[in-house]
Amino acid sequence: MKNHSDIKNRDIARIFDEVADLLEISGESFFRVRAYRNASRVIRDLSTPLSTIARSQNAKLEDLPGIGKDLAEKIQTIVETGDLPLRRELESELPVGLLEVMRIPGLGPRKAHRLFLELGITDPERLEEAARCGKIRELKGFGEKTEAQILEGIETLRSFGKRMLRADVEPIALSIIEHMKRLKGLEKIEIAGSYRRLKETVGDLDILVACRDPAGAMDHFVSFPGVRKTIAKGKTKSSVVTNPEIQVDLRVVGAESFGAALQYFTGSKAHGIAMRTIAQKKGLKLNEYGVFKGEKMIAGRTEREVYEAAGLPWIPPELRENRGEIEAALEGTLPELISLSSIRGDLHMHTDETDGRDSLETMASEAKKRGYLYIAVTNHTKRVAMAGGLDEQRLLKHWDAVEKLNAQIEGFHILKGVEVDILDDGTLDIEDAVLSKGDYVVASVHYNTNMSRSQMTRRIVRALSNPNVSALAHPTGRLINKRPPYEVDMEVIIATCAKFGVALELNAAPDRLDIDDTSCRSARQHGVKVSIATDAHNKGGLDFMRYGVYQARRGWLEKEDVINTLNFRLLNRFLKKRG
DNA sequence: GCCGTTTTCGGCCCGACTGTTTTCAGTCG
């Protein structure tokens with residue numbers, strides 16, 4: 001039998017999600033469906049592989065929150081066989097294409113099921129056909145508008161199913177805010193949702209305002225020049241689609257409810273549910289209007305007030321995922337999250353010596369302008385030929401130039417760095433004798449990225465064991481929405497970094513943000529230090545630092561976890577410990 | 001299907017908007 005013991009958590013989570021969807025379509029109890037969804041989320045966020053827990057003597061699957069006897073057994077089955085009988089059973093009863101039908105805006109499990117039963121709709125293609133023939137409007141409970149909405153929904157899903165990069169959403173978000181600020185009677189405005197939680201991607205924008213004239217706010221909102229289409233417009237809530245295409249929801253509340261609404265719409269959903277449950281246990285009701293004791297409103301104006309009414313300190317939005325932040329808040333052990341102002345330098349960037357656009361002098365002076373104390377210039381090496389990577393001779397010459405420039409600048413240091421390529425067997429493409437003359441060596445994988453998980457892990461572990469290596473750059477190689485992370489066991493990588501005192505890079509490029517928040521937390525738990533670095537290829541790229549800090553905050557990192565918050569002397573002490 | 005200083009049953013977060021309805025189900029966040 002095939003060995004499935006290295007099945008990944010996200011594969012198991014995906015199976016549970018699919019089971020949840022199919023159960024929901026078939027009309028199963030909402031609570032049973034939710035149990036699968038909860039479990040999926042818990043599994044996705046877990047840094048330890050379930051296959052490890054399943055085999056372990058002392059750790060138990062049932063100890064995980066949301067995993068009971070039944071789901072523990074199902075996980076065991078998936079780990080052992082790679083699949084779940086329940087899923088196959090459901091798939092034989094319902095076409096999997098219905099899952100896509102359900103994703104179409106305006107359609108949910110109930111309608112998808114009825115479309116299947118009454119019209120034999122099994123996938124979006126057949127749905128489109130039926131809608132074009134005018135068959136949908138004939139069904140009870142459906143009408144012409146629903147039919148048109150379905151056709152439009154299919155088109156929308158085709159054109160932009162993906163979440164947008166946060167960095168791409170920012171300009172739209174800011175111009176809407178600017179537009180809304182011109183509204184008369186506006187008291188408060190905030191962007192809530194995943195944008196406020198500083199997530200790397202944003203599905204839609206949730207904008208919250210407090211305003212004395214809700215109807216006026218609705219009118220003003222839909223008149224935003226970037227609006228392509230108004231989806232809904234009510235008394236206190238409206239939704240539009242903008243150009244470039246992203247859905248924006250506006251919600252209006254009174255100023256006395258603004259904090260409660262902000263808490264409510266910032267989410268995440270799981271955090272909100274957990275908070276409302278806590279409130280409920282205290283005999284309180286928490287909704288978007290406030291915290292209520294019976295009929296009486298006892299909090300709501302500010303978020304802090306809302307959390308305090310529930311017996312908690314205020315929790316930073318970027319932690320609100322119900323991944324332990326509520327427990328930490330109750331124990332008083334919330335992390336003191338790192339901020340951009342703590343960053344003292346940038347340890348990954350390129351110059352025109354290889355594939356960067358700006359000179360060494362420009363990069364150094366731009367970094368100094370940003371208030372940094374140091375940078376590491378880390379150009380590519382020879383295997384990355386496309387980028388004009390340096391061989392040993394050129395690298396040494398480049399470092400001479402760095403030293404010369406260093407001597408000319410006051411109060412600022414340029415580390416002799418390099419981004420050395422990790423070859424297929426885990427050795428490096430620059431001789432050790434040369435690397436040992438550098439100050440800061442980041443190692444990274446660029447080629448042959450589709451090896452097996454165990455091969456890739458071995459490859460990187462071997463590279464990390466080289467005493468010249470200071471950090472591992474963009475550890476999974478992912479490009480958000482473009483390229484999945486390569487197969488690598490991050491737990492092993494993190495443990496190896498801990499063993500050798502190597503830092504993990506959090507690459508701050510907005511489409512990389514590699515490592516992700518889960519690995520940040522894992523690194524912190526293992527005592528592995530993180531370098532937040534921009535990988536800038538021109539002077540403007542130095543501004544990516546804040547995206548890295550955002551991600552670090554989502555990963556619970558404190559100033560002490562990040563090496564480029566150290567002053568130059570302490571950074572050097574950290575680097576010397578290696579080797 | 002999970003969970004429990006109200007533990008092995010009976011709960012499980014909450015409200016707005018739309019479309020197709022005559023009082024509400026379904027969807028969404």
Side-chain angles (χ1 to χ4, degrees), chain A residues 16 19-20 23-25 27-42 61-75 84 86 101-115 136-150 152-153 192-197 202-208 214 218 230-240 247-253 257 260-292 310 322:
Chain A
F16 279 2
V19 167
L23 285 173
E24 197 173 22
I25 293 174
E28 257 294 339
S29 144
F30 167 72
F31 299 107
R32 188 176 173 210
V33 172
R34 199 174 65 183
Y36 280 93
R37 295 239 161 88
N38 276 341
S40 165
R41 200 185 55 80
V42 168
L61 291 168
E62 275 181 67
D63 291 340
L64 296 168
I67 309 288
K69 191 162 175 289
D70 182 90
L71 288 181
E73 269 174 31
K74 289 196 164 77
I75 293 170
L84 187 65
L86 174 62
V101 170
M102 209 171 91
R103 302 268 128 68
I104 294 164
L107 293 184
R110 307 250 65 85
K111 284 186 175 168
H113 196 210
R114 285 197 44 220
L115 288 167
I136 306 290
R137 68 180 77 173
E138 292 166 9
L139 296 182
K140 190 170 186 297
F142 291 74
E144 273 181 53
K145 282 205 172 176
T146 309
E147 194 172 79
Q149 192 189 2
I150 284 171
E152 209 171 330
S194 55
Y195 188 92
R196 184 164 180 246
R197 300 203 311 279
V202 176
D204 59 16
L205 279 173
D206 299 294
I207 296 178
L208 183 68
M218 293 295 128
T230 301
I231 300 173
K233 183 167 175 254
K235 285 199 189 85
T236 63
K237 192 184 157 188
S238 293
S239 296
V240 301
Q247 183 171 327
V248 186
D249 299 334
L250 178 78
R251 184 64 185 256
V252 183
V253 295
S257 296
L262 189 56
Q263 197 282 328
Y264 188 93
F265 291 109
T266 296
S268 66
K269 194 169 180 169
H271 177 88
I273 289 173
M275 283 297 296
R276 287 190 286 279
T277 306
I278 286 177
Q280 206 182 36
K281 280 188 185 145
K282 287 180 168 288
L284 303 170
K285 190 177 76 168
L286 171 59
N287 61 26
E288 61 260 58
Y289 299 110
V291 184
F292 297 88
N322 195 21

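Below, chains carry the letters A, B, ... as their sequence lines are ordered, and counting in each starts from 1. For the numbers below, each heavy atom of this structure counts, side chains included, while hydrogens, waters and symmetry mates do not.
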**Message:** Under 4.0 Å from OP1 or OP2 of B:dC17: is there any side-chain N or O of A:Arg251 that close?
**Reply:** no

**Request:** Remember a base hit wins even if backbone is also touched, and classify A:Ser238 as base, sugar-phosphate or nothing at under 4.0 Å, heavy atoms.
**Result:** nothing

**Request:** Quote, to the nearest angstrom, the C1' distance that separates B:dT23 from B:dT18.
**Result:** 15 Å

**Request:** Determine: side-chain N/O of A:Ser239 to OP1/OP2 of B:dC17, distance under 4.0 Å, yes or no.
**Result:** no

**Message:** Using the side chain to side chain contact (heavy atoms under 4.5 Å, CB included) criterion, which residues pair with A:Lys233? Sequence neighbours excluded.
**Reply:** A:Met218, A:Asp219, A:Val222, A:Thr230, A:Ser238

**Fill in**
Going 5' to 3' through nucleotides 19-29 of chain B and flagging B where a protein heavy-atom sits under 4.0 Å of the base, S where only the sugar-phosphate is that close, and - otherwise, we get SSS----SSSB

**Nearest-Å distance once atom C1' is located in both B:dC2 and B:dT7** = 13 Å

**Complete:** Closest to the 5' end of DNA chain B, once A:Gly234 and A:Arg32 are matched to their nearest nucleotides, is A:Arg32

**Message:** I want to check one thing: is the phosphate of B:dA16, taken as OP1 and OP2, less than 4.0 Å away from some side-chain N or O of A:Lys233?
**Reply:** no

**Request:** Can you tell me which residue pairs pass the salt bridge (charged side-chain N to carboxylate O under 4.0 Å, His left out) test with a partner in residues 266-284 of chain A, sequence neighbours excluded?
**Result:** none

**Request:** Using the test side chain to side chain contact (heavy atoms under 4.5 Å, CB included), find all partners of A:Glu152 that sit at least two apart in sequence or belong to another chain.
**Result:** A:Lys229

**Request:** Pick the P atom in B:dC12 and in B:dT6, then give their distance to the nearest Å.
**Result:** 16 Å

**Item:** Integer-rounded Å distance: B:dC13 P and A:Ile273 CD1
**Value:** 6 Å

**Prompt:** Taking only residues two or more places apart in sequence or in another chain, which ones pass salt bridge (Lys or Arg N to Asp or Glu O under 4.0 Å) with A:Glu73?
**Reply:** A:Lys69

**Message:** Between B:dC13 and B:dC3, how many Å separate the two C1' atoms, rounded to a whole number?
**Reply:** 16 Å

**Asked** For A:His271, what residues pass the side-chain hydrogen bond (donor to acceptor under 3.5 Å, both in side chains) criterion, not counting sequence neighbours?
**Response** A:Tyr307, A:Glu325

**Request:** Would you confirm whether A:Arg251, through its side chain, and A:Asp206, through its main-chain N or O, come within 3.5 Å as a donor-acceptor pair?
**Result:** no

**Request:** Spell out, as yes or no, whether a donor-acceptor pair under 3.5 Å connects the side chain of A:Ser40 to the backbone of A:Tyr36.
**Result:** no

**Prompt:** Which residue pairs satisfy the salt bridge (charged side-chain N to carboxylate O under 4.0 Å, His left out) criterion with at least one member in residues 31-42 of chain A, sequence neighbours excluded?
**Reply:** A:Asp21-A:Arg37, A:Glu24-A:Arg37, A:Glu28-A:Arg32, A:Arg41-A:Asp45

**Fill in**
Whole-Å distance, A:Arg34 CZ to B:dC12 C1', equals 5 Å

**Request:** Whole angstrom is fine here: how far is it from CD in A:Glu73 over to P in B:dG1?
**Result:** 11 Å

Please tabulate the protein-to-nucleotide N/O contacts below 3.5 Å involving nucleotides 3-8 of chain B, giving atom names and distances.
{"from": "B:dC3", "atom 1": "OP1", "to": "A:Gly66", "atom 2": "N", "distance (Å)": "2.7"}

**Whole-angstrom distance between B:dT8 and B:dG1, as gauged at atom C1'** = 14 Å

**Message:** Tell me the interatomic distance from A:Phe30, atom CZ, to B:dC12, atom P, rounded to whole angstroms.
**Reply:** 11 Å

**Asked** Is there a Watson-Crick or G-U wobble partner for B:dT8 with both distances under 3.5 Å, and which nucleotide is it?
**Response** none

**Request:** For nucleotides B:dT21 and B:dT27, find the distance between their P atoms and express it as a whole number of Å.
**Result:** 15 Å

**Prompt:** Is any side-chain heavy atom of A:Ile136 less than 4.5 Å from a side-chain heavy atom of A:Leu115?
**Reply:** yes

**Asked** Does A:Arg114 have any side chain to side chain contact (heavy atoms under 4.5 Å, CB included) partners at least two apart in sequence or in another chain, and if so, which?
**Response** A:Glu118, A:Leu139, A:Lys140, A:Phe142

**Request:** Just call it for A:Tyr289: base, sugar-phosphate, or nothing, with non-hydrogen atoms closer than 4.0 Å on any strand.
**Result:** sugar-phosphate

**Asked** Over how many whole Å does the gap from A:Leu61 atom CG to B:dG1 atom P extend?
**Response** 16 Å

